[in-house]
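Beneath this line is the structure, given in structure tokens, with notes to follow.
What you see below is based on every heavy atom in this structure, not just the backbone, and it leaves out hydrogens, waters and symmetry mates. Throughout, numbering of the chain's residues begins at 1 and tracks the sequence.
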Amino acid sequence: MRFLIIAGEVSGEIYGARLMREIKALMPDCSFVGIGGDRMVAEGLEMHYHCRDMATIGLVQMLGKAAFFIGALGNIKGMIRKKQFDAIILIDYPGFNFKIARAGRKIGIPVFYYVLPQIWAWRRYRVHALKRNVDTPIAVLPFEEEFYRPYGVKVNFVGHPMLDEMPPPPDREKLRREF
């Protein structure tokens, strides 16, 4: 399998590298192409754009990079139109990734969205685009399943990847005995 994977921010790149590692454990012959960072490259990403080049803060900075974003979007969509991928994995970064989801859906490439954008906090209207263009929404926050349910979106809750980085919770009974 050949995956297009897009993580346009450092946080998404951290999650993307972990996800790539897990997918490779299940499918050792798979490959990944797209947008990410050094961690994802270490996991085998054929990187077309680095996530640090995708990062912007504020409208002014984004407008200054408009030509870059238009070019990157056009290049990625061109690869999608050539059906170079078996599936698309999008990680957060909704302004860009929703456009990629629509392009993939248009030609029938399965679209997975890992670490859903926080549309429950703002821009709730985006739920309709997600429902239309994403085959498998994957949530990392437990309440997201309930948020999407009234909209008819079946979300797969997998837990937050940062929990894998944290030590196990303390044994309450042991702490009580000690203190």
Query - Residues which pass salt bridge (Lys or Arg N to Asp or Glu O under 4.0 Å) with Arg176, listed by chain and number, not counting sequence neighbours - result: Glu173
Report task. State which residues pass salt bridge (Lys or Arg N to Asp or Glu O under 4.0 Å) with Lys65; sequence neighbours excluded, sorted by chain then number. Result ->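 Lys65 satisfies salt bridge (Lys or Arg N to Asp or Glu O under 4.0 Å) with no other residue.
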Do the non-hydrogen side-chain atoms of [X] and [Y] ever get within less than 4.5 Å of each other?
X      : Y      : result
Leu4   : Ile109 : no
Arg2   : Cys30  : no
Leu116 : Val155 : yes
Ile6   : Ile89  : no

Approximate separation, where rounding is to 0.5 Å, of [X] [atom1] and [Y] [atom2]:
X      : Y     : atom1 : atom2 : answer
Asn133 : Leu90 : CG    : CG    : 10.0 Å
Ile138 : Tyr15 : CD1   : OH    : 14.5 Å
Met47  : Ile5  : CE    : CD1   : 13.0 Å
Asp38  : Cys51 : CG    : SG    : 7.5 Å
Phe32  : Met1  : CZ    : CE    : 9.0 Å

Could you work out, with side-chain hydrogen bond (donor to acceptor under 3.5 Å, both in side chains) as the rule, every residue matching [X], not counting sequence neighbours?
X      : value
Arg39  : Glu13
Asp86  : none
His48  : Glu46
Glu178 : none

Requested in this report: Check step by step if side chain to side chain contact (heavy atoms under 4.5 Å, CB included) holds for Ile35 and Tyr93.
Outcome: CA-CA 11 Å; Ile35 299 172; Tyr93 205 60; over 6 Å; no
Partners meeting ring pair (Phe, Tyr, Trp, His ring centres under 6.0 Å) with [X] (sequence neighbours left out):
X      : answer
Phe85  : none
Phe98  : Tyr113
Phe112 : none

Expected list for residues 68-84: side-chain donor-acceptor pairs under 3.5 angstrom, two or more places apart:
| unit_1 | atom_1 | unit_2 | atom_2 | d |
| --- | --- | --- | --- | --- |
| Asn75 | ND2 | Tyr49 | OH | 2.4 |
| Asn75 | ND2 | Gly71 | O | 3.4 |

**Report entry** Backbone of Ile100 reached by a side-chain donor or acceptor of Asn97 within 3.5 Å
**Finding:** no
**Report entry** From CA spacing to verdict: side chain to side chain contact (heavy atoms under 4.5 Å, CB included), Glu9, Met54
**Finding:** CA-CA 7 Å; Glu9 301 162 314; Met54 306 296 286; over 6 Å; no
Anything under 3.5 Å between a donor and an acceptor, one on a side chain of residues 144-154, the other on a protein residue two or more places apart or in another chain? List them.
| unit_1 | atom_1 | unit_2 | atom_2 | d |
| --- | --- | --- | --- | --- |
| Glu144 | OE1 | Val140 | N | 3.3 |
| Glu144 | OE1 | Leu141 | N | 3.2 |
| Glu144 | OE2 | Trp120 | NE1 | 3.0 |

Query raised in the report: What pairs of residues pass the salt bridge (Lys or Arg N to Asp or Glu O under 4.0 Å) test when at least one of them lies in residues 91-109, not counting sequence neighbours?
Result: Arg105-Asp135
**Report entry** For the student: nearest non-hydrogen atoms of Ala101 and Val134, plus distance
**Finding:** CB-CG2, 4.2 Å
